[in-house]
2 protein chains.
Amino acid sequence: MGKQATEMLKGTLEGIVLAILADRPAYGYEITAWLREQGFSDIAEGTIYALLVRIEQRGLVDVEKVPSEKGPPRKVYSLNTQGREYLEEFWRTWSFLAERLEQLRKGGE
Amino acid sequence: MGKQATEMLKGTLEGIVLAILADRPAYGYEITAWLREQGFSDIAEGTIYALLVRIEQRGLVDVEKVPSEKGPPRKVYSLNTQGREYLEEFWRTWSFLAERLEQLRKGGE
DNA sequence: CCTGCTATTCAGCATTGCTATGTACTGGTA
DNA sequence: TACCAGTACATAGCAATGCTGAATAGCAGG
């Protein structure tokens with residue numbers, strides 16, 4: 001991914017993580033690894049942890065500490081009701097943006 | 001548009017403006033007005049002007065000062081070759097992001 | 001003269017992602 | 001024992017971007 005991606009991820013990455021958590025509870029290390037598999041090759045671990053702290057402080061997720069056999073305890077996040085509402089709002093904003101951009105792309109051919 | 005839009009626009013707004021300029025030369029005031037018509041209701045004028053300064057400094061656009069009958073002279077921007085290449089790169093990054101997000105949206109139903 | 005519309009600019013702020021580093025727990029291996 | 005890799009989380013400082021609010025300037029009409 002290019003350098004443009006860094007700025008484009010701002011605001012979007014949060015929605016991506018919320019969407020992941022809407023599907024299943026997960027912890028930071030796991031999310032980072034999954035994103036990298038999906039092609040988000042250079043997403044920094046620190047970025048994900050900081051993001052998780054933010055959405056927790058906003059009350060969008062519930063947290064549970066679960067012991068791990070292979071290292072320090074995991075902080076498993078799951079999306080709560082407020083988080084689901086926020087995610088729906090994210091999808092609305094995303095749709096709006098995606099529609100305008102598709103129109104612009106068509107217009108420029 | 002909600003508050004999420006502000007962060008989501010980061011990085012995307014630049015592509016949007018470049019896409020507009022790929023279609024036709026335009027000046028700041030005009031671009032702001034057009035975006036507002038398209039539903040980007042709360043895009044600040046200052047944001048567009050600052051963005052135009054940035055893409056000019058990066059050499060993505062050519063500028064021409066054109067007198068106006070109704071006010072101060074306009075700075076008309078047009079996309080140059082480098083700008084078109086940069087825009088193509090933008091579309092590639094955008095496509096990547098849009099595909100992942102559509103997959104996530106489907107998965108979460 | 002004053003108001004409103006056109007048109008651009010700029011200083012200061014908030015948010016977000018990245019870099020770099022540090023901490024901590026477990027298991028394997030020399 | 002000592003060391004290292006893999007797992008797992010946290011944080012301080014930086015860069016980039018969009019927003020707020022205000023200022024500047026030209027032109028036309030009441």
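Each chain gets a letter, A, B and so on, in the order the sequences are listed, and its residues count up from 1.
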| task | Compare all side-chain heavy atoms of B:Lys75 with those of B:Glu56 and state whether any distance is below 4.5 angstrom. | result | yes
| field | Residue list, salt bridge (charged side-chain N to carboxylate O under 4.0 Å, His left out) with A:Glu102, at least two apart or on another chain | value | A:Arg105
| field | Trace of the side-chain hydrogen bond (donor to acceptor under 3.5 Å, both in side chains) decision for B:Glu30 with B:Tyr77 | value | CA-CA 11 Å; B:Glu30 185 186 12; B:Tyr77 295 82; over 6 Å; no
| query | Within this structure, what is the CD-to-C1' distance between B:Gln57 and D:dT17, rounded to whole angstrom? | reply | 14 Å
| Considering all heavy atoms of both residues, which atom of A:Lys65 and which atom of A:Pro73 are nearest to each other, and what is their separation? | CG-CB, 4.3 Å
| task | Validate the cation-pi geometry between B:Arg84 and B:Trp91: distance from NZ or CZ to the six-membered ring centre under 6.0 Å, angle to the ring axis within 45°. | result | no
| Mind checking whether B:Thr47 and B:Leu9 have side chains closer than 4.5 Å, heavy atoms only? | no
| request: Could you tell me whether B:Lys3 and A:Glu89 have a side-chain N and a carboxylate O separated by less than 4.0 Å? | output: no
| note | With sugar-phosphate taken as primed atoms, P, OP1 and OP2 and all else as base, the protein-contact string of nucleotides 2-12 of chain D at under 4.0 Å (heavy atoms; B, S, -) is ----BBBBBB-
| task | Extract, from 5' to 3' on DNA chain C, the first and final nucleotides lying under 4.0 angstrom from some heavy atom of chain B. | result | C:dT6 to C:dT16
| task | Write down the distance between NZ (A:Lys10) and P (D:dC19), rounded to a whole number of angstrom. | result | 13 Å
| remark: When rounded to whole Å, the CG to P distance for the pair A:Leu9 and D:dA16 reads 16 Å
| task | Measure from CE on A:Met8 to C1' on D:dA15 and round the result to the nearest Å. | result | 17 Å
| remark: B:Leu51 CG to D:dC19 P, in whole Å, measures 10 Å
| field | Value in whole Å for how far the P atom of D:dA16 lies from CZ of B:Phe90 | value | 19 Å
| Sugar-phosphate, base or nothing in reach of A:Leu13, heavy atoms under 4.0 Å | sugar-phosphate
| request: If the plane angle is over 60° it's perpendicular, under 30° parallel, otherwise tilted; pick one for A:Phe40 and B:Phe96. | output: perpendicular
